[in-house]
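My structure is below; once you've seen it, I'll send some questions.
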Amino acid sequence: MRMTDMQDDLDDLLASAARRPAVPSEALMERVLADALALQPQAPALRPVAAPRLGLLARLAAIFGGAPALAGLGTAAVFGLVLGYYSPATLDYLVGSSADAAEFFPGTDLLTTEG
Amino acid sequence: MTMAFDAQGEISDEALMVLYASGDRHAALALTRRVTPRVLAYAARLLSGDRAEAEDVAQETMLRLWKVAPVWRQGETKVTTWAYRVATNLCIDRQRARGRRRQTALDEAPEVADATPGAEGRLIAAGRMAALEAALADLPDRQRQAVVLRHLEGMTNPEIAAIMEIGVEAVESLTARGKRALSAILAGRKEALGYEDDGYAG
């Protein structure tokens with residue numbers, strides 16, 4: 001086989017492989033996010049602490065229609081829904097937040113990603 | 001003045017790092033979603049498809065990103081450059097710790113059992129990917145890094161130079177040598193498996 005043929009084949013092969021990246025599992029994304037939140041410096045409190053709230057899982061369930069709607073889903077699947085359906089207001093409600101980027105950059109959709 | 005917005009009008013990774021360090025949980029999610037997939041894909045390619053190891057490397061890389069955030073200085077390094085550099089070194093450490101496994105992906109390719117249309121094409125494609133993975137595994141570390149960064153991750157030579165902490169000319173040399181070595185390995189394997197006239201398209 002000529003060297004140029006082999007190079008063309010290799011270029012095709014590399015181009016094909018470049019279009020097939022490994023995709024992270026939801027479980028990995030959750031672990032990374034959990035690490036991020038666990039290690040994150042706490043923002044200074046700008047609001048008084050709210051009244052006692054439901055546990056995190058119950059609050060997540062409420063967003064998606066309550067416990068009956070999520071019957072059968074494990075905790076990991078519920079967190080997966082959060083990652084997929086996230087909105088700034090939702091995350092505020094879930095994890096508590098004070099000043100956030102949306103206030104400094106009004107109109108910016110922070111969660112648009114390249115996918 | 002450091003640009004807070006990138007070319008697409010979105011908040012830059014670097015600005016997100018500063019926001020993350022100031023307690024902004026939106027930034028934690030945004031950085032997770034932006035950076036993790038890239039690091040995972042890259043690690044899987046360097047580690048010849050070892051998914052479990054690649055996930056460990058990705059999580060460890062991101063862990064180090066969270067830890068460096070409080071001292072992150074904008075304008076010095078791109079977040080992706082830093083993350084790719086860390087992932088590269090973690091992959092090398094893992095491979096050295098376990099010894100270099102010879103890739104037997106070609107020997108383990110499934111037999112053709114399905115006669116439905118398209119099945120043969122899919123198997124041929126899968127075999128080609130496995131062959132590439134095996135050939136990449138046979139390259140010296142630095143050549144594999146350069147070829148993966150250039151031709152699979154789509155990085156420019158200056159970006160690769162920053163990640164690998166070498167000059168641009170060294171990147172070009174490694175990439176060229178790596179590709180020549182890949183061609184030779186793949187040609188050798190093709191002859192052994194009788195692929196000379198399979199006529200597959202790209």
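Every chain is numbered from 1, with letters handed out A, B, ... down the list of sequences.
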- prompt: What part of B/R51 lies closer than 4.5 angstrom to a heavy atom of chain A: side chain, backbone, both or neither?
  reply: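 Just its side chain gets close to chain A.
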- request: Please list, chain by chain and in numerical order, all residues satisfying side-chain hydrogen bond (donor to acceptor under 3.5 Å, both in side chains) with B/E53, sequence neighbours excluded.
  value: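 B/E53: side-chain hydrogen bond (donor to acceptor under 3.5 Å, both in side chains) contacts with B/R94, B/R98.
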- request: Look only at the side chain of B/T61 and the backbone of B/V57, and say whether a donor-acceptor pair between them is shorter than 3.5 Å.
  value: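 Such a contact is found between B/T61 side chain and B/V57 backbone.
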message: Any heavy-atom pair between the side chains of B/R45 and A/P21 that's under 4.5 Å?
response: yes
message: Side chains of A/D12 and B/R128, heavy atoms from C-beta outward: is any pair under 4.5 Å?
response: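 They are in contact (side-chain heavy atoms under 4.5 Å apart), so the answer is yes.
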task: Measure distances from A/V32 to the heavy atoms of chain B and classify the residue's part below 4.5 Å as side chain, backbone, both or neither.
output: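 Both backbone and side chain.
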- line: Heaviest contributor of heavy-atom pairs below 4.5 Å to chain B, chosen from A/A38, A/A17, A/A15, is A/A17
message: Measuring only between side-chain heavy atoms, which start at C-beta, is B/D138 closer than 4.5 Å to B/R144?
response: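 Heavy-atom side-chain distance check fails, nothing below 4.5 Å.
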- prompt: Would you say the ring centroid of B/W66 lies under 6.0 angstrom from that of B/Y20?
  reply: yes
Heavy-atom pair count under 4.5 Å with chain A, highest-scoring of B/M62, B/K179, B/R38: B/K179
- request: Check B/L46 against B/Q95 and note the closest heavy-atom contact, atom names and distance.
  value: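 Between these two residues, the closest heavy atoms are O-NE2, 3.4 Å.
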query: Side chain, backbone, both or neither: which part of B/A69 has a heavy atom under 4.5 Å from chain A?
result: neither
message: For B/W82 and B/W72, take the angle between the two ring planes, folded into 0 to 90°, and tell me which bin it lands in: parallel under 30, tilted 30 to 60, perpendicular over 60.
response: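 The rings of B/W82 and B/W72 stand perpendicular, inter-plane angle above 60°.
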- prompt: What are the residues of residues 149-159 of chain B, in order of number, with any heavy atom under 4.5 angstrom from a heavy atom of chain A?
  reply: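 B/H151, B/L152, listed by number.
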